[in-house]
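Below: one structure, written as structure tokens.
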Amino acid sequence: MHHHVFTQPCVSEIVQPTALTLRLPDTVSDLLVLSAMNNPLVEFVVSQVNHTQATLIIRIQPFLTFTFEPMQRLLETPIQRRCLGQGIKLYPSMGVAPRVCIEQLKKGITINLNTDGDVYFSLSTESRFELVTLENDLRILSEPQALVMAKAILGRKFDYNEPSNMLAVHISELEQVRRELRDYLGGELGKIHPGVSTELLKLDHLLQNKHQWLLRSYHQSLERTNLGRSSNEQLFNNEQLQRKLDFFELLAPKDVSEMVNRLCEDDL
């Protein structure tokens, strides 16, 4: 189903407790990752398993990198068990802001792998992601993703003093959520309950207000070198301007200086 978002499958062998670390390179734009947060980030399928050895077919989002490292000890975390022919996916947790997931991806996400007749997958309890088995991947049957993300982004408190590049990410995130809301309303017209439709329209209006406030803050951050100054405040004091004028009078020809003085007298 998600073959269009993954790289070509690769085959990896697991012979001992292993930590698979996914990481988002700094060279990848946050805006690119933002558009892929609704899809699974990685998919595993168990193709072979024999006691302490297993072979996995892995498909991953193309903007991510991954490395395998042996684990010294197993961590006490919730475990998902997979048998021969079964698979599992890694998703961002429902209701978590994409920006938070992107920040954690940059630091690195570790998936713990262990084999003992079957293959066991686990994540750290602090992870903002979740492992979903293929047969239980029912996200399309849950509350609409657009509605979940709209509520999550409205509940988030923005720092309007952030740099302009971060404000641009927030604005793009808002625009994407609003577009998904409109697409959902248009595609499900006449199929969804009127109460849900009314709630979606209210959320879209609130998102629009938040978008306008963020956009205003973004433009102010571009127009002002310092938010503590007004946009029309002079950056040079009178003493600096007077020194420049003195240097000009010293270096300019006499006839030019006289012409400037006459023009100034005409303005008075």
Determine whether [X] and [Y] fall in the same hydrophobic cluster, where Ile, Leu, Val, Met, Phe, Trp and Tyr are linked whenever their side-chain heavy atoms lie under 4.5 Å apart.
{"X": "V169", "Y": "V100", "answer": "no"}
{"X": "L105", "Y": "M166", "answer": "no"}
{"X": "F66", "Y": "L90", "answer": "yes"}
{"X": "I57", "Y": "L22", "answer": "no"}

Taking C-beta and beyond as the side chain, do [X] and [Y] meet within less than 4.5 Å on heavy atoms?
{"X": "L215", "Y": "L167", "result": "no"}
{"X": "L113", "Y": "Y120", "result": "no"}
{"X": "K89", "Y": "D137", "result": "yes"}
{"X": "S127", "Y": "Q104", "result": "yes"}
{"X": "V28", "Y": "P25", "result": "yes"}
{"X": "L64", "Y": "L24", "result": "yes"}
{"X": "I109", "Y": "T21", "result": "no"}
{"X": "N112", "Y": "L123", "result": "no"}

Grab the two heavy atoms, one from [X] and one from [Y], that are nearest each other, plus how far apart they are.
{"X": "Y218", "Y": "A168", "answer": "CE1-CB, 4.0 Å"}
{"X": "L207", "Y": "L174", "answer": "CD2-CD2, 3.4 Å"}
{"X": "P98", "Y": "E173", "answer": "CD-OE2, 2.9 Å"}
{"X": "C83", "Y": "D118", "answer": "SG-OD1, 3.5 Å"}
{"X": "T115", "Y": "A54", "answer": "CG2-CB, 3.4 Å"}
{"X": "N136", "Y": "V132", "answer": "O-CG1, 3.7 Å"}

- Have Y91 and N39 got a donor and an acceptor in their side chains that come within less than 3.5 Å? no

- Item | Contacts of type ring-ring contact (aromatic ring centres under 6.0 Å, His included), residue F63, not counting sequence neighbours | none

- Item | Listed partners of F129 passing ring-ring contact (aromatic ring centres under 6.0 Å, His included), at least two apart | none

- Item | Pairing of D26 and K106 as salt bridge, 4.0 angstrom limit | no

[X]: partners by salt bridge (charged side-chain N to carboxylate O under 4.0 Å, His left out), with sequence neighbours left out:
{"X": "R23", "value": "none"}
{"X": "E135", "value": "R82"}
{"X": "K202", "value": "none"}
{"X": "D116", "value": "none"}

- Message: As a quick check of understanding, evaluate side chain to side chain contact (heavy atoms under 4.5 Å, CB included) for V119 and I88, giving each step before the final call.
- Response: CA-CA 11 Å; V119 183; I88 198 167; over 6 Å; no

Return the set of residues passing side chain to side chain contact (heavy atoms under 4.5 Å, CB included) with [X] (not counting sequence neighbours), or none when no residue passes.
{"X": "N50", "value": "none"}
{"X": "N165", "value": "P163"}
{"X": "I58", "value": "C10, S12, V42, F44, L56, F68"}
{"X": "E13", "value": "T55"}

- CD of E126 to CZ of R128, rounded to nearest 0.5 Å, is 9.5 Å

- Query: Looking at NE2 of H211 and OG of S172, how far apart are the two atoms once the value is rounded to the nearest 0.5 Å?
  - Reply: 8.0 Å

- Task: For side chain to side chain contact (heavy atoms under 4.5 Å, CB included), just list the numbers for F121 and I111, CA-CA rounded to whole Å, side-chain angles, deciding distance to a tenth of an Å, and then say yes or no.
- Result: CA-CA 7 Å; F121 299 81; I111 303 175; 4.3 Å; yes

- Mind jotting down which residue pairs meet the salt bridge (charged side-chain N to carboxylate O under 4.0 Å, His left out) criterion with at least one end in residues 94-105? Sequence neighbours excluded, please. R99-E103

- Sorted by chain and residue number, the side chain to side chain donor-acceptor pair (under 3.5 Å) partners of D204 (sequence neighbours excluded) come out as R178

Between [X] (side chain) and [Y] (backbone), is there a donor-acceptor pair under 3.5 Å?
{"X": "K210", "Y": "H205", "answer": "no"}
{"X": "T18", "Y": "I14", "answer": "no"}
{"X": "T110", "Y": "L20", "answer": "no"}

- Can E43 and L134 be said to form a side chain to side chain contact (heavy atoms under 4.5 Å, CB included), step by step? CA-CA 9 Å; E43 179 184 87; L134 296 185; 4.0 Å; yes

- Query: Given the rule in the side chain to side chain contact (heavy atoms under 4.5 Å, CB included) test, do V46 and Q86 qualify, once you have shown the distances and angles that lead to the verdict?
  - Reply: CA-CA 6 Å; V46 181; Q86 294 182 330; 5.5 Å; no

